[in-house]
Q: 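Structure incoming, see below.
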Amino acid sequence: MALLFYSADDDPEAWRTALLRQVPDLDFRVWPETGDPAEISMALVWLPPPGLLQGLPNLQAIFSLAAGVDAMLAQPDLPDVPLCRLVDRSLTTTMSEFVLANVLYYHRDFDRFALQQAASRWQLVLPQPASSRTVGVMGLGELGSDAADLLRRHGFRVRGWSRSRRALDGIETFAGQAEFESFLVGCDLLVCLLPLTADTEALLDARLFAMLPEGAVLIQVGRGRQLVPADLIAALDSGHLRGALLDVTPEEPLPADDPLWRHPGIRITPHAASYALPETAALTIADNIRRLREGRPLTAVVDRSRGY
Ligand code: NDP
Ligand code: OXD
């Protein structure tokens, strides 16, 4: 039962070391040194070249090197074996930290102070308690539920929205389209941590922005194609929205001439919100390797009909 690794972005040796620490007898191969393709039963990959996975006749599972699998699912002829998302403590922790940092940026008026400094204007804006703001988190999965909990522990009022109903300590939860508007109307800051699916593509549009209260802020850390950029720019220009942080953009890297770069109400980070450390991510992948070997059900398996 060999595992084949492919990624244009990740260091295979770091993953080899981390996985062998957990599964010492693992036969870890790095493409293109595949050996006999019939010996490969697992693939640990991110966006493999066309034909790579299809050429593995005994493939039993694909482990994604990313949490969001929209790009993997868009691959033509993805083999019909379980596809597992990346679930990792370090990915979750760094995401929650990034979300908290950006919520605090607006909560503590750093956007206003940056404008004031540009105009050499000294003007106090009195700090407000965290409990005076409501932060809404769209998506209450691995990442969203942890970010919501960190925000709650910091003292913010937190509400969350998901497809099915979730119960989270101290967090007001909303579910589905039926409760979409009642969720949005109370959000001073809106964090998007949704996967990209047919239902969430272009969800961050004029209709959604109009449901948010005047002066709301968007923190977009899901996927770029969930945003309609022209609608965001219009909502900022009209003064309805106060600002937006975009960690993900419809095109990545964002082209130098894209107007999103230059809008005064928009801050851009280069898909930098979180990262998975091989040392910690190897724990959940190793668990799935053992499960596969022992014929037990895998965890973090993508439901292809839902798209996440
Ligand atoms: P999960 O699959 O664990 O959670 C997804 C959540 O979104 C679930 O709560 C789910 O609802 C909810 N959801 C999905 N579709 C809908 C819908 N149509 N309406 C309402 N709620 C919906 O994913 P993760 O938390 O692990 O990751 C979320 C996303 O974060 C990834 O898919 C990726 O796009 C993005 N990401 C971004 C990174 C970055 O650096 N910017 C890094 C890593 C991930 P339910 O609970 O009912 O299933
Ligand atoms: C992911 C990401 O989905 O880094 O893991 O965006």
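Side chains included, hydrogens not; waters and symmetry mates left out as well; all remaining heavy atoms used. What you see is a predicted model, and the numbers here were worked out from it, not measured in a lab.
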Q: Taking C-beta and beyond as the side chain, do Phe28 and Leu19 meet within less than 4.5 Å on heavy atoms?
A: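 Touching, per the 4.5 Å side-chain cut-off.
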Q: Ser145 versus Arg166: any side-chain heavy-atom pair under 4.5 Å?
A: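 Counting from C-beta outward, Ser145 and Arg166 never come under 4.5 Å.
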Q: Rounded at 0.5 Å granularity, tell me how far CE in Met72 sits from CD1 in Ile62.
A: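 Output value for this atom pair is 5.5 Å.
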Q: Working to the nearest 0.5 angstrom, can you tell me the gap between Asp258 CG and Glu251 CD?
A: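 Taking CG in Asp258 and CD in Glu251, the distance rounds to 7.5 Å.
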Q: Under a 4.0 Å threshold between the charged nitrogen and the carboxylate oxygen, would Asp25 count as salt-bridged to Arg293?
A: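 Counted as a salt bridge, because a side-chain N and a carboxylate O are separated by less than 4.0 Å.
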Q: So, using salt bridge (Lys or Arg N to Asp or Glu O under 4.0 Å) as the criterion, who are the partners of Asp109 when residues are at least two apart?
A: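 For Asp109, the residues satisfying salt bridge (Lys or Arg N to Asp or Glu O under 4.0 Å) (neighbours in sequence not counted) are Arg112, Arg242.
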Q: Measure the CG-CZ distance between Leu104 and Arg133 for me, rounded to the nearest 0.5 Å.
A: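 Reported to 0.5 Å precision, the distance equals 10.5 Å.
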Q: Taking atom CG of Leu100 and atom CD of Glu97, what is their separation to the nearest 0.5 Å?
A: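 Going from the CG atom of Leu100 to the CD atom of Glu97 covers 8.5 Å.
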Q: The criterion is ring-ring contact (aromatic ring centres under 6.0 Å, His included); which residues satisfy it with Phe156, sequence neighbours excluded?
A: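 Residues passing ring-ring contact (aromatic ring centres under 6.0 Å, His included) with Phe156: His107, His154.
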Q: Report yes if some heavy atom in the side chain of Arg157 is under 4.5 Å from a heavy atom in the side chain of Arg152; otherwise report no.
A: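 Side chain of Arg157 against side chain of Arg152, heavy atoms only: no contact under 4.5 Å found.
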Q: Decide if atom CD of Glu252 counts as having more than 12 heavy atoms of other residues, nucleotides or ligands within a radius under 6.0 Å.
A: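 Yes, because the 6.0 Å sphere around CD of Glu252 holds more than 12 heavy atoms from other groups.
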Q: Determine, for Arg89 against Glu279, whether the closest basic-nitrogen to carboxylate-oxygen distance falls under 4.0 angstrom.
A: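 The answer is no: the pair does not qualify as a salt bridge.
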Q: Report the distance from atom CG of Leu83 to atom CG of Asp303, rounding to the nearest 0.5 Å.
A: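 Going from CG on Leu83 over to CG on Asp303, the span is 11.0 Å.
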Q: Only pairs at least two apart or in different chains count here, so list each side-chain hydrogen bond (donor to acceptor under 3.5 Å, both in side chains) that has a residue in residues 68-85.
A: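 side-chain hydrogen bond (donor to acceptor under 3.5 Å, both in side chains) check on residues 68-85 returns Asp70-Arg223.
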Q: Side chains of Asn58 and Ser41: any donor to acceptor distance under 3.5 Å?
A: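 Side-chain D/A pair, Ser41 to Asn58: absent.
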Q: Would you find more than 12 non-hydrogen atoms of other residues, nucleotides or ligands less than 6.0 Å from Asp169 atom CG?
A: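 No, CG of Asp169 has 12 or fewer neighbouring heavy atoms, counting only those of other groups under 6.0 Å.
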Q: To the nearest 0.5 Å, what is the distance between CZ on Arg267 and CG on Leu245?
A: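 Spacing of CZ (Arg267) from CG (Leu245) equals 4.5 Å.
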Q: Taking CD in Gln117 as the centre, count heavy atoms belonging to other residues, nucleotides or ligands within less than 6.0 Å. Is the count above 12?
A: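 No, not enclosed.
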Q: Is the distance between the ring centroids of Phe180 and Trp161 under 6.0 Å?
A: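 Phe180 vs Trp161: aromatic centres under 6.0 Å.
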Q: Do Asn288 and Met42 come within less than 4.5 Å of each other through their side chains, counting heavy atoms only?
A: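 No - every pair of side-chain heavy atoms lies 4.5 Å or more apart.
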